[in-house]
Each structure stands twice: as structure tokens, then as C-alpha cells.
Amino acid sequence: VPVGSTLGLIGQNGSGKSTLLQLLAGTLKPTSGSIQVSGRTSAILELGAGFNPEFTGRENAFMSGAIMGIGKREMVERFPEIASFAEIGDFIDRPLRMYSTGMYLRLAFAVATAMDPDVLILDEALSVGDEYFQKRCIDRIEDFRKGGKTIVFCSHNMYQVKMICDQAIWLRDGRTAMMGDTLRVVAEYESYLR
């Protein structure tokens, strides 16, 4: 994936999209071959992955920062922006087990994007939030694109894929069925589904 581009991954459930994203994020290791990712990577792979439901939102944000190698002082500086973007109010200091699914997503997206990654990996990250929050996320993704960041975006929402992605890969049964221009790949995929 060229630096500064946005790649969409599409395909039916079980086609290998999430597995590929986990390989890119480093949470899975390939059984053969190799993967090279340059720069700081931040990912939302599955809702709440890496979060501890007994910790508060604040504690989970700091823990995520520590895992990514961001020191406490820097996290203290970044935290107000995380809390502001998440817009979950006093819940930021409550255990995650008390969060709704939408609140979980808000926090996960706010934390992942506040880390200023070179590569942002999003797996169905916009499928849970309400329309207002989805719009805010898309605006933030657009800011990342303008900032020359690389984004890998997986979704079943073809409208969002077409709106966000420069190129797309359609996966079928763990293999590439088609790759190239997003509009062309999405059109072929939708034709296949019909």
C-alpha cells in the first residue's frame, strides 16, 4: 500500500479481511511469508480489542498509549483531545463494562486516531456509531488522508468504501478476487453479490 493512500478491503464474511488486518497490525503472525509495515501503526480491529472492561475509559486510553510506546507525560497531553472526541462525558471515568457499544466505539476511535499513527487500520470501525459520530469519524479520516497518512479500511458499507478509499481489494475465500480502482472493484463485487 503506497504511503499516504487509503486502501479498502471488501468481501463477504469469512473471506479473510479481518485476518489480513490482524496480520498488518501485528496481532497475528503469518504462517508463511512476511509482512512489512513502516511507521507507527494504530488499529481498531474488533470492538474493544485490547481494552480491559474492568478499567475506566481513562485507564484504557493510558494503557493503549503505553502499549504503543507513548509515555505517560505525552498521554497526559493527548488525553483531553481523546476525551473531547469521544464525547462520552463522565463515563470516561467509569469501567468499560458500563459502556454501550456506541460508547465503546467512540473511545476506541478517539484513542486510535489520537496516537498520530503513520498507518491507521480500521475494521468495521464506523458500523456501530450513530450518524453524527460516523460523520465525525469520516472527517477525521479525511484529515488523516490530507496529512499523508496511510489508511487500510475494511467495511461492508460500500458507500463509505467508495467515499474514503483510493484503491480496493476484494477478498474471496482468502484470496484476492480483484484489486484496483475502488469504484471498479466495488461495482464488480456488488455485481457478484447480485
Side-chain angles (χ1 to χ4, degrees), residues 1-28 35-49 85-87 101-194:
V1 178
V3 172
S5 67
T6 303
L7 175 71
L9 292 179
I10 62 174
Q12 294 175 287
N13 289 332
S15 64
K17 301 179 306 295
S18 294
T19 300
L20 177 57
L21 294 180
Q22 289 174 13
L23 289 164
L24 290 172
T27 59
L28 283 180
I35 293 177
Q36 182 178 354
V37 179
S38 299
R40 181 185 286 175
T41 301
S42 187
I44 301 176
L45 296 175
E46 56 184 74
L47 197 55
F85 190 85
E87 288 186 338
T101 304
M103 292 167 72
Y104 229 107
L105 172 69
R106 285 172 175 257
L107 180 64
F109 193 90
V111 169
T113 57
M115 301 305 166
D116 192 30
D118 301 303
V119 180
L120 180 61
I121 300 170
L122 302 170
D123 189 2
E124 290 294 342
L126 305 182
S127 64
V128 178
D130 57 34
E131 286 184 36
Y132 165 76
F133 189 69
Q134 286 181 15
K135 168 75 169 97
R136 291 183 63 226
C137 291
I138 289 170
D139 290 346
R140 179 154 289 185
I141 289 169
E142 198 56 38
D143 289 344
F144 271 75
R145 289 180 72 197
K146 289 176 184 170
K149 307 292 183 173
T150 303
I151 302 167
V152 181
F153 179 73
C154 173
S155 182
H156 288 287
N157 184 322
M158 293 303 108
Y159 173 77
Q160 289 176 346
V161 171
K162 290 188 287 189
M163 186 172 63
I164 294 170
C165 303
D166 306 314
Q167 299 284 307
I169 296 176
W170 165 21
L171 292 177
R172 186 172 61 211
D173 299 324
R175 304 218 180 271
T176 301
M178 185 177 186
M179 63 187 293
D181 174 72
T182 301
L183 297 179
R184 194 170 58 83
V185 174
V186 167
E188 286 294 321
Y189 174 61
E190 291 176 328
S191 177
Y192 168 81
L193 291 177
R194 281 190 294 276

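Excluded from the calculations below are hydrogen atoms, water molecules and symmetry mates; all remaining heavy atoms, backbone and side chain alike, are included.
The OG1 atom of Thr182 sits 10.5 Å away from atom NZ of Lys162, with the distance rounded to the nearest 0.5 Å. Expressed to the nearest 0.5 Å, how far OG1 of Thr41 lies from CE of Met115 amounts to 13.0 Å. With rounding to the nearest 0.5 Å, the separation of CD1 in Ile151 from CZ in Phe144 is 7.0 Å. Note: Glu142 CD to Thr6 OG1 = 7.5 Å, rounded to the nearest 0.5 Å. Rounded to the nearest 0.5 angstrom, Met103 CE and Thr101 OG1 are separated by 10.5 Å.
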- Please lay out, stage by stage, how Val152 and Leu9 fare under the test side-chain contact (heavy atoms from CB on, under 4.5 Å). CA-CA 7 Å; Val152 181; Leu9 292 179; 4.1 Å; yes

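Listed by chain and residue number, Glu81, Thr113 satisfy the side chain to side chain donor-acceptor pair (under 3.5 Å) test with Arg140 (two or more places apart in sequence, or in another chain). Applying the side chain to side chain donor-acceptor pair (under 3.5 Å) rule to Gln167 yields no partners; only residues at least two apart in sequence or on another chain are considered. In terms of the side-chain contact (heavy atoms from CB on, under 4.5 Å) criterion, residue partners of Arg194 (sequence neighbours excluded) are, by chain and number, Glu190, Ser191. In this structure Phe109 satisfies the ring-ring contact (aromatic ring centres under 6.0 Å, His included) test together with Phe85, sequence neighbours excluded. Residues that satisfy the side-chain contact (heavy atoms from CB on, under 4.5 Å) test with Val1, not counting sequence neighbours, are Ser5, Leu7, Thr150. In this structure Asp166 satisfies the side chain to side chain donor-acceptor pair (under 3.5 Å) test together with Arg145, sequence neighbours excluded. For the side-chain contact (heavy atoms from CB on, under 4.5 Å) test, residues two or more places apart in sequence or in another chain that qualify with Lys135 are Asp139. Every residue two or more places apart in sequence or in another chain that forms a side-chain contact (heavy atoms from CB on, under 4.5 Å) with Tyr132 is listed here: Glu87, Arg106, Asp130, Arg136. In this view, Asp116 and Lys149 satisfy the side chain to side chain donor-acceptor pair (under 3.5 Å) rule, not counting sequence neighbours.
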Show which side-chain atoms of residues 13-20 pair as donor or acceptor with protein atoms under 3.5 Å away, not counting sequence neighbours.
| unit_1 | atom_1 | unit_2 | atom_2 | d |
| --- | --- | --- | --- | --- |
| Asn13 | OD1 | His156 | NE2 | 2.9 |
| Ser15 | OG | Gln12 | O | 2.8 |
| Lys17 | NZ | Gly11 | O | 2.9 |
| Lys17 | NZ | Gln12 | O | 3.0 |
| Ser18 | OG | Asp123 | OD2 | 2.6 |

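When every heavy atom of Ile141 is checked against every heavy atom of Leu122, the shortest pair comes out as CD1-CD1, 3.6 Å. Of all non-hydrogen atoms in Val37 and Leu24, the two that sit nearest each other are CG2-O, 3.5 Å. The minimum heavy-atom distance linking Ser42 with Ala112 is given by the pair OG-O, 2.7 Å.
More than 12 heavy atoms of other residues, nucleotides or ligands lie within 6.0 Å of CE in Met158, so this atom counts as buried by the packing criterion.
The ring pair (Phe, Tyr, Trp, His ring centres under 6.0 Å) pairs that include a residue from residues 164-194 are Trp170-Tyr189, Trp170-Tyr192, where partners are two or more places apart or lie in different chains. Residue pairs meeting the ring pair (Phe, Tyr, Trp, His ring centres under 6.0 Å) criterion with at least one partner in residues 2-26, sequence neighbours excluded, are absent.
Residues Ile169 and Ile10 are not in side-chain contact: their nearest non-hydrogen atoms beyond the backbone lie 4.5 Å or more apart.
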